[in-house]
Amino acid sequence: MLAKAPRGTRDILPGEVEKWLALENIFRNLCEKFNYREIRTPIFEHTELFSRSVGEDTDIVGKEMYTFSDKGKRSLTLRPEGTASTVRAFLEHKMYAQAQPTRLFYFGPMFRYDRPQAGRYRQFHQLGAEAFGSASPEMDAEMITLAMDFFHGAGLKQLSLEINSVGCPQCRPAYREEIRKTLEQNRIDLCPDCQSRFDTNPLRILDCKEEGCREINLQAPEIFDHLCSYCVQHFEDVLYYLKLLDISCRVNSKLVRGLDYYTNTAFEIVDTGLGSQNSLGGGGRYDGLVETCGGSPTPGVGFAIGVERVLLSLEQQNIQLEFEEEPRIFVATLGPKASTRGLQLVMELRRRGIAAEKDYLDRSLKAQMKQADRVGASRVLILGEEELEKGRVVLRDMVKGDQKEVELEIIIDMLSNVH
RNA sequence: GUGAGUGUAGCUCAGGUGGUUAGAGCACCAGAUUGUGGCUCUGGGGGCCGUGGGUUCGAGUCCCAUCACUCACCCCA
């Protein structure tokens, strides 16, 4: 147990970390172009922040939160998603008093207690963005474009963008009632989950995957017939702008996201070839959330993307992320004097910005050469007692396989110029 | 929370119907010229056979439990 990461968590090892950095860089650069600024919020928050904003009746709050109380008896929760914290920070630091809209992005670990499976972890990582202060459908379109540009920047193809409108507090209650009315006589045929959803959140019945529920859902009223005129217009505008910006999408009137705070736009990006957990990201508009968290009414939109799933999708589609490997110099030495001089040499190289290393295990020259090969050294400096006496060093090119003697004094400058 | 599958060396896996000191490939270390990597050859170190219990003269192998991993359901990223 001591040497085992907890269930649903894992180490990101050297060799894989490079991919994470590459994705982070793609996202950071993109966000900069869109004028979004990075925010880093705590990894845990007051439990109430999540239960209030995400919604008491959601699966996340109901059964997936890592909640604990600290020594001061405060109930705290490891964040299961990023939007709530961002909203909290927006309010706490009165960002609404600055130039609007406020555009923010984040990157970091999230936590949900769930059975792990392919593409699902208890600690997973999301990169996401939020924009406060604009209810314009242009903002929705911008947000979706940012997400899609990220996927394209990472090299992903074959993604499907699904979009829907879930209405607003003006029209949703009536629609909710409409669903209840039409499904009432079939209520006992719904799955147990949907039976309780009937009371708590009948919209969620619509995207239930149970065969029986799906059949019953055929007679459910279409949401588009029940949106208020504002919501209809907003949705149509979003679709219009997306088309204008060359973002293709598929309207899915059954799409209902698992968080309660969404209003109007809801969207999800899925990789159809991925497997069971094929949702790479999702988001939507949440015009009531800031108010729910104690602020004055402020519209907002955002999305979150699952890093592990993006990585999985890249792997499955055989797409390599680009990252440069720095050429490396290995200093091989023979004898204690040369070893000491070699240590100086290595440090000088490093201070000149050249990646370098030497052997500390007192290994034979042969073993040092082997090691040089393994760490991917492009060149090896061989320094023995003989060379040391002559004030020279052997410079070996590991790719070509040839070598020559060079003055020890000029070797650093020489290599600095090459690199 | 529910279901199915799998746990043997660092990794990938062999080990018919229970029978002596548990194997291979790769990896690792050393050697094949007293100072030179990749290829080859030789040798070497490494295994509470997931854990606990049971059946048996005898269990890696059979039974039970437990834990872990994997996949799926649910839900989501």
Polar pair under 3.5 Å, donor/acceptor by atom type, side chain A/Q117, base B/rU70 | no
A/R120 (side chain) and B/rC74 (base): donor-acceptor pair under 3.5 Å | yes
Would you say the base of B/rG35 and the side-chain of A/Q368 have a donor-acceptor pair closer than 3.5 Å?
-> no
Within-4.5 Å side-chain heavy-atom neighbours: A/C231 and A/R172 = no
Separation between the C1' atoms of B/rG19 and B/rG58, rounded to whole Å | 7 Å
Identify the nucleotide, in any strand shown, that forms a Watson-Crick or G-U wobble pair with B/rG23, with both distances under 3.5 Å; if there is none, say none.
-> B/rC13
B/rA22 and B/rA59, which share atom name P, separated by this distance in whole Å = 14 Å
Taking only N and O in the side chain of A/S276, is any of them less than 4.0 Å away from OP1 or OP2 of B/rC73?
-> yes
Please figure out whether A/Q403 or A/E64 has its closest RNA chain B nucleotide nearer the 5' end.
-> A/Q403
Describe the nucleic acid contact of A/E386 in one word from base, sugar-phosphate, nothing, applying a heavy-atom distance below 4.0 Å.
-> base
Between A/D287 and A/R285, is the closest basic N to carboxylate O distance under 4.0 Å?
-> yes
RNA chain B: A/V256 or A/K370, which has the more 5' nearest nucleotide?
-> A/K370
For A/R122, report the nucleic acid contact type (base, sugar-phosphate, nothing); a contact means any heavy atom under 4.0 Å.
-> nothing
Interatomic distance where CG belongs to A/L383 and C1' belongs to B/rG35 [whole Å] | 12 Å
Check: A/R309 side chain, B/rC76 base, donor-acceptor under 3.5 Å | yes
Please determine if A/E387 and A/R392 form a salt bridge, counting it only when a charged side-chain N lies under 4.0 Å from a carboxylate O.
-> no
Nucleotide forming a Watson-Crick or wobble pair with B/rA72, both distances under 3.5 Å | B/rU2
The side chain of A/A118 lies closest to which of these nucleotides: B/rC71, B/rG35, B/rA30?
-> B/rC71
Side-chain atoms of A/R112 come closest, of B/rG35, B/rG1, B/rA77, to B/rA77
Measure from the side-chain heavy atoms of A/K4 and tell me the nearest of B/rU70, B/rG37, B/rA68.
-> B/rA68
Could you tell me whether the side chain of A/E268 has a donor or acceptor atom within less than 3.5 Å of a complementary atom in the base of B/rC76?
-> no
Examine B/rC75: is either OP1 or OP2 under 4.0 Å from a nitrogen or oxygen in the side chain of A/R197? Give yes or no.
-> yes
Using the P atom in both, what is the distance from B/rC28 to B/rU66, to the nearest Å?
-> 41 Å
Nucleotide paired to B/rG52 in any strand shown, Watson-Crick or G-U, under 3.5 Å = B/rC64
Using only heavy-atom distances, decide whether a donor-acceptor pair under 3.5 angstrom links the side-chain of A/R374 to the base of B/rG38.
-> no
A/E405 CD to B/rG35 P: how many Å, rounded?
-> 17 Å
With a 4.0 Å cut-off on heavy atoms, is A/R363 in touch with a base, just the backbone sugar-phosphate, or nothing at all?
-> sugar-phosphate
Any strand, both distances under 3.5 Å, Watson-Crick or G-U wobble: B/rU40 pairs with B/rA32
Cationic tip of A/R103 within the cone over A/F34's six-membered ring, i.e. under 6.0 Å and within 45° of the normal?
-> no
Answer with base, sugar-phosphate or nothing: what part of the nucleic acid does A/E387 contact at a heavy-atom distance below 4.0 Å?
-> base
Under-3.5 Å donor-acceptor pair between A/R396 side chain and B/rG37 base | yes
Atom P, compared across B/rG35 and B/rG47: separation rounded to whole Å = 33 Å
What distance do A/R52 atom CZ and A/T47 atom OG1 have between them, rounded to the nearest 0.5 Å?
-> 13.0 Å
Just checking A/G128: base, sugar-phosphate only, or nothing, at a heavy-atom cut-off of under 4.0 Å?
-> nothing
CD1/A/I216 to CD1/A/I205 distance, rounded to the nearest 0.5 angstrom?
-> 9.0 Å
Can you tell me how far C1' in B/rA9 sits from the matching atom in B/rG54, rounded to whole Å?
-> 28 Å
When rounded to the nearest Å, what value does the distance between P atoms of B/rU40 and B/rA77 take?
-> 50 Å
What distance, rounded to whole Å, do you find between the two P atoms, one in B/rG52 and one in B/rU34?
-> 49 Å
Under 4.0 Å between any heavy atoms, over every strand shown, what does A/L365 touch: base, sugar-phosphate, or nothing? Just pick one.
-> base
So do the side chains of A/M110 and A/P80 get within less than 4.5 Å of each other, counting heavy atoms only?
-> no
If you look at every strand shown and take non-hydrogen atoms under 4.0 Å, does A/D193 touch a base, only sugar-phosphate, or nothing?
-> sugar-phosphate
A/F107 and A/F27 aromatic centres sub-6.0 Å = no
Taking the same atom, C1', in B/rC62 and in B/rU55, what whole-Å distance lies between them?
-> 8 Å
Please work out if A/L280 contacts a base, only the sugar-phosphate, or nothing of the nucleic acid, heavy-atom cut-off 4.0 Å.
-> sugar-phosphate
Could you please name the partner base of B/rG45, counting Watson-Crick and G-U wobble pairs only when both distances are under 3.5 Å?
-> none
In whole angstroms, the gap separating P of B/rA77 from CD1 of A/I305 amounts to 11 Å
Short side-chain N/O contact to B/rG37 OP1/OP2 from A/K366, under 4.0 Å = yes
